[in-house]
Amino acid sequence: MAAETTKIEDYAFLSDTQAAALVSRDGCVDWLCFPRFDSGACFASLLGSRENGHWRFWPKGQIDKTSRRYRGNTLILETEIETKGGAVRLIDFMPPRGENPDLIRIVEGIRGEVAMQMELIIRFDYGRTIPWVRRAHGGLEAIAGPNGLILRTPVKTWGKDMTTVAEFIVKKGERVPFVLTWFASHSTPPKKVTPDHALRDTERYWKKWTKRCQRKTPWDDAVVRSLVVLKGLTYAPTGGIVAAATTSLPEKIGGVRNWDYRYCWLRDATLTLLALVGAGYQNEAKSWREWLLRAIAGSPDQMQIMYGVRGERSLEELEIPWLSGYENSRPVRTGNAASSQFQLDVYGEVLGTMYRAHEAGIENRETDWRLQVALINFLESNWNKPDEGIWEVRGGPKHFTHSKMMAWVAFDRAVKLVDECGCAGAEHVGRWRKIRDQIHAEVCARGFSQTKKAFTQYYGSDALDASLLMMPLAGFLPFTDERIRGTIEAIERELMQDGFVLRYRPEEEGVDGLPGREGVFLPCSFWMVSCLQGIGRKKEARDMFKRLLAVRNDLGLLAEEYDPRSKRQLGNFPQAFSHVSLVNAAFTLSGESRQTRARSGSGARDSKSGR
């Protein structure tokens, strides 16, 4: 199947917790970035054509049926291909590693015998650079610039039209391995990997990791799969979690809303930490918190909304003209210009994360606290400025209600850290309380529309925004407050489409400065589940949650958005924010998160305040 006809949800996700690949339903690797998530792709047909690189196996005869699954709670993919003469199983995985990443593919005969073909097209630099290929070090080496790949297999391969091809027969019980390993081109390739040993070790790794999951819900399969995705999107050396494994998968097919998500957003921090701690993954939560602190270290006025996996700050946005884009969705972008935006809400995310970490028993060291105090001091002079908001709009800064609410969260959690964990700052806490109360009063006065009977997108606007579903979840006001209920009901009335939630309506307000529409936003839809549960509409909450689970692909994976009309997933894939929101909504519905919800609401103001 050609990459341009493969739906986003028809891909599987492979990861070694440092790099990632996407494999189509028929077993073609259309996306692979080595050696890191954000490295230039050596297979980029996902965003172009086969000439931009892929790795494909297929039988010579007609395919009668294909099926696939992950092996248990792992990221080992098994694709079964049936033909008239027999059947094979394609086992794909990326073993967790040190310096050199591997993509291992084993073709296993399960019935009869099948004549197989292989096509390997390596194109470094996002499908542009044709490598120099030679036989050396017990394999086939492909080298260009700083990158090298070596293919090791017992099967004879040969070159044809700048492509490596092979033909071989697999009988029942036989296993034919192919190991593709990245190495720095100035170095000698690493020693040969034993595929069966690597497969055994990879399965043990994931089984050991998933056994640590402590939560039990009625939706355990979905929760554990989502946690595995989060682990797969974690850059193991630093603990940073990328938003997705891809760049430029469109929010609207054929549109321009195509962004690079292979970076770490501060905005994801609090919800990610809640999901990890709630599931018993204390070490991962601690690593994520440590990554965050290292990334933002420095002058508070230079804090960014996102960073690279090692904490890099320079994420220059570029367009790649030689790629046609997924289903002609142009431009294809690398880097992200939103990294330089001023967004108030990230200060609330950082302080909220530190407070959640404290609650989870993760130590808040003196040096960590000094950094947080510096951030709050900066926020004191800047919370009243307009910003680009949670959705990183490109239509100019505004006084977004959600941003101001999250500034309130920053001061509220700073006060709590002083009051509850003895952090130094008693001389500041009185001033912080006054600013917290000032922000609260302003949001209630200027962010609430008497016409809509709801909080709105920005001060003076009547436009709705699904980010305001976070107001009760962050403890700004309780679910019992009539303004919160009114906001939930207004969003349900005006931003719901076919049973899911839109972020906002860009075509009506033009606030994001971009043409066209987008799909429903899956994280916001999961927030609505939690809000419906919070206002006592429990059956509707569960029904909506089940509807969202049905959007996942056959492997349990979610992108960022969904088009209910065409029934297609949209946006980068798989999306960490969607899976985090799934986990937290499941905990809320299961009743196991009562303590978490109580803590989230501990900062909620009396329903009469701020009038």
Side-chain angles (χ1 to χ4, degrees), residues 13-23 29-47 52-55 75 92-105 120-133 136-137 139-152 178-193 195 198 201-202 205 231-247 260-264 287 291 295 307-312 314-315 318 320 334-335 572 574 576:
F13 168 59
L14 304 180
S15 171
D16 61 3
T17 71
Q18 294 190 48
L22 293 190
V23 186
V29 182
D30 287 327
W31 183 252
L32 176 65
C33 295
F34 272 164
R36 302 189 342 182
F37 293 114
D38 56 351
S39 298
C42 54
F43 300 152
S45 60
L46 173 72
L47 300 176
N52 298 119
H54 72 190
W55 191 8
L75 287 179
D92 294 329
F93 63 101
M94 296 172 67
R97 44 87 179 190
E99 182 178 350
N100 297 99
D102 305 292
L103 173 56
I104 299 179
R105 316 194 75 184
L120 173 65
I121 304 176
I122 297 170
R123 298 291 184 267
F124 293 115
D125 301 320
Y126 300 102
R128 178 173 62 172
T129 303
I130 300 172
W132 168 44
V133 178
H137 300 101
L140 190 70
E141 290 185 356
I143 293 174
N147 296 296
L149 287 173
I150 182 167
L151 174 68
R152 289 175 169 134
F178 297 78
V179 180
L180 189 68
T181 304
W182 179 90
F183 63 98
S185 61
H186 64 273
S187 302
T188 302
K191 293 180 179 179
K192 185 183 299 185
V193 170
D201 293 344
T202 302
Y205 172 88
K231 182 65 172 176
L233 292 171
T234 301
Y235 186 66
T238 65
I241 302 174
V242 297
T246 59
T247 178
D260 194 346
Y261 272 27
R262 298 169 300 155
Y263 306 114
C264 308
S287 293
W291 173 89
Y307 296 85
V309 293
R310 293 185 185 273
E312 298 92 341
S314 179
L315 307 178
L318 301 172
I320 301 181
T334 63
N572 286 301

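In what follows, every heavy atom counts, from backbone to side chain, and hydrogens, waters and symmetry copies are set aside.
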Any heavy-atom pair between the side chains of [Y] and [X] that's under 4.5 Å?
X    : Y    : result
F34  : T181 : no
L315 : Y263 : yes
H137 : T188 : yes
Q18  : P237 : yes
P35  : N100 : no
F183 : I150 : yes
Y235 : V242 : no
T247 : W31  : yes

Interatomic distance, [X] atom [atom1] to [Y] atom [atom2] [nearest 0.5 angstrom]:
X    : Y    : atom1 : atom2 : value
E99  : S187 : CD    : OG    : 7.0 Å
L180 : L140 : CG    : CG    : 9.5 Å
C33  : R262 : SG    : CZ    : 5.0 Å
R105 : L120 : CZ    : CG    : 9.5 Å
L22  : D30  : CG    : CG    : 8.0 Å

Check: S287 side chain, G239 main-chain N or O, donor-acceptor pair, under 3.5 Å: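 No, S287 side chain to G239 backbone: no donor-acceptor pair under 3.5 Å.
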
T129 (side chain) donor-acceptor with D125 (main chain) under 3.5 angstrom: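 No.
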
Donor-acceptor pair between N147 and S185 side chains, under 3.5 angstrom: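 There is no such pair (donor and acceptor under 3.5 Å, judged by atom type) between the side chains of N147 and S185.
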
Non-hydrogen atoms of [X] and [Y] that approach each other most closely:
X    : Y    : answer
Y126 : A44  : C-CB, 3.7 Å
A142 : V133 : CB-CG2, 4.2 Å
P189 : E141 : CG-OE2, 3.2 Å
I143 : F124 : C-CE1, 4.3 Å
P131 : R123 : CD-NH1, 4.1 Å

Verdict with supporting geometry, T234 and F37, side chain to side chain contact (heavy atoms under 4.5 Å, CB included): CA-CA 9 Å; T234 301; F37 293 114; over 6 Å; no

L14/F93 under side chain to side chain contact (heavy atoms under 4.5 Å, CB included): CA gap, chis, key distance, verdict: CA-CA 6 Å; L14 304 180; F93 63 101; 5.5 Å; no

Set of residues satisfying salt bridge (charged side-chain N to carboxylate O under 4.0 Å, His left out) with respect to R36, sequence neighbours excluded: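 Partners of R36 under the salt bridge (charged side-chain N to carboxylate O under 4.0 Å, His left out) test: D38, E312.
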
Residue list, salt bridge (charged side-chain N to carboxylate O under 4.0 Å, His left out) with D102, at least two apart or on another chain: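 For D102, no residue satisfies salt bridge (charged side-chain N to carboxylate O under 4.0 Å, His left out) once neighbours in sequence are set aside.
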
Exactly one of [options] should register a side chain to side chain contact (heavy atoms under 4.5 Å, CB included) with [X]. Which one does?
X    : options                : result
F43  : I121, L32, N52         : L32
C264 : I241, V309, L233, T238 : V309
P95  : L103, D16, V179, I104  : I104

